[in-house]
Amino acid sequence: HSLYLAALDRYIAAVRAQTTAVLDQTGTLQAVLQQLFQTQLDALLSDPARRGCFLVNASLEMAPHDPEVNTIIQSALHELEEGLYRLLIKAQVAGELSWKHDPHQLAHFLVAILVSLRVLARVQQDRRVLQDVFVKAMRHGQGFCTLNDPRAWLFQVARNALVDRARTSHPTEPLPEGSAEPVAEP
């Protein structure tokens, strides 16, 4: 168990360093967020074994049964959310983000997007689908504060992106004339 915890701590430290480097960059809010998500996608999609994110895997598999793992994961997610919060406050000061929007809620939303993409990347290795989820979430952006259930909305965006991708990757052919009997309505 101590080896697992040490590996998790090491992974979180590496992700923290990578994330902090991106969040500390100068640039517009949109540019920094795009860089953050692009960096995350690159890391997730470069693994041929499709192991996914250790943090997300641990949160799904170990955290419900191991209070120590749960504490580590919650701390890491809170730290990420606080980093995003600081970025959003900086954007508000610079006039890029309206003061009408709650930066805590927006930071929470961005963490939800990151975690969702990390989960989705384990089963969907198509970069276009994952980028589409990010783009649609960013388009909604500040309107997030008006959503009744942001998690359900985000999962619906991901589901729709997957369905759209499946439709475009599997072309359909029309049935030959007269090959199907008309269905009588009840």
Side-chain angles (χ1 to χ4, degrees), residues 8 11-25 27-64 69-70 72-88 91 97 103-145 147 149-169:
L8 182 58
Y11 179 84
I12 290 170
V15 170
R16 179 186 304 119
Q18 181 185 47
T19 302
T20 301
V22 173
L23 291 177
D24 288 345
Q25 291 179 357
T28 65
L29 174 63
Q30 183 176 354
V32 172
L33 289 177
Q34 284 177 335
Q35 180 62 38
L36 175 65
F37 282 87
Q38 195 62 45
T39 302
Q40 297 292 319
L41 285 180
D42 290 346
L44 292 167
L45 296 176
S46 66
D47 180 12
R50 295 169 66 169
R51 291 175 291 216
C53 170
F54 188 13
L55 178 72
V56 170
N57 293 344
S59 69
L60 295 172
E61 297 166 9
M62 294 292 290
V69 170
N70 188 40
I72 292 168
I73 290 167
Q74 293 307 314
S75 175
L77 291 174
H78 178 73
E79 188 176 333
L80 173 60
E81 192 170 319
E82 285 301 308
L84 289 164
Y85 170 78
R86 288 189 298 276
L87 176 69
L88 294 166
L97 182 63
H104 281 291
Q105 285 184 331
L106 289 172
H108 189 72
F109 175 64
L110 291 170
V111 169
I113 294 170
L114 273 170
V115 170
S116 298
L117 286 174
R118 289 175 176 198
V119 170
L120 188 57
R122 281 201 66 189
V123 296
Q124 178 56 255
Q125 292 286 295
D126 188 326
R127 177 178 293 278
R128 290 177 295 173
V129 171
L130 298 171
Q131 286 174 329
D132 191 41
V133 171
F134 167 72
V135 167
K136 286 181 180 175
M138 290 297 96
R139 278 190 201 138
H140 201 290
Q142 298 171 17
F144 164 75
C145 295
L147 294 174
D149 189 349
R151 287 183 185 164
W153 175 83
L154 185 58
F155 285 113
Q156 185 66 37
V157 167
R159 181 192 155 294
N160 290 347
L162 287 170
V163 168
D164 290 347
R165 177 69 180 127
R167 284 184 188 140
T168 59
S169 66

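Nothing fancy with the numbering, it's 1 onward along the sequence.
Taking CG of Leu88 as the reference point, atom CD of Gln105 lies at 11.5 Å (rounded to 0.5 Å). The line from CG of Leu114 to CG of Leu84 is 6.5 Å long, rounded to the nearest 0.5 Å. Taken from CZ in Arg118 to CG in Leu55, the straight-line distance is 6.0 Å, to the nearest 0.5 Å. The CG atom of Leu33 lies 8.5 Å from the OG1 atom of Thr28; values are rounded to the nearest 0.5 Å. Atom OG1 of residue Thr20 and atom CD of residue Gln25 lie 11.5 Å apart, to the nearest 0.5 angstrom. Here the SG atom belonging to Cys53 is positioned 9.5 Å from the CG atom belonging to Leu60, to the nearest 0.5 angstrom.
For Leu23 against Gly83, the heavy-atom pair with the smallest separation is CD1-C, 3.8 Å. What you find for Gly52 and Asn57 is that their closest heavy atoms are C-ND2, 4.1 Å. Ile73 approaches Ala63 most closely through the heavy-atom pair CD1-CB, 4.0 Å. Between Pro64 and Ser59, the shortest heavy-atom distance links the atoms CD-O, 3.4 Å.
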Original post:
Can Leu87 and Leu110 be said to form a side chain to side chain contact (heavy atoms under 4.5 Å, CB included), step by step?
Top reply: CA-CA 11 Å; Leu87 176 69; Leu110 291 170; 6.0 Å; no
Original post:
Hey, mind stepping through Ile12 and Glu79 against side chain to side chain contact (heavy atoms under 4.5 Å, CB included) and telling me if it holds?
Top reply: CA-CA 11 Å; Ile12 290 170; Glu79 188 176 333; 5.8 Å; no
**OP:** Test Thr19 against Gln40 for side chain to side chain contact (heavy atoms under 4.5 Å, CB included), laying out the working first.
**Re:** CA-CA 9 Å; Thr19 302; Gln40 297 292 319; 3.7 Å; yes
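Between Tyr85 and His104, the two ring planes are parallel [angle under 30°; tilted spans 30° to 60°].
Between the side chain of Ser75 and the backbone N or O of Ile72 there is no donor-acceptor pair closer than 3.5 Å.
Residues Thr39 and Gln35 bring a donor and an acceptor atom of their side chains to less than 3.5 Å of each other.
By the 6.0 Å contact criterion, CD on Gln30 is open, its count of non-hydrogen atoms from other residues, nucleotides or ligands being 12 or less.
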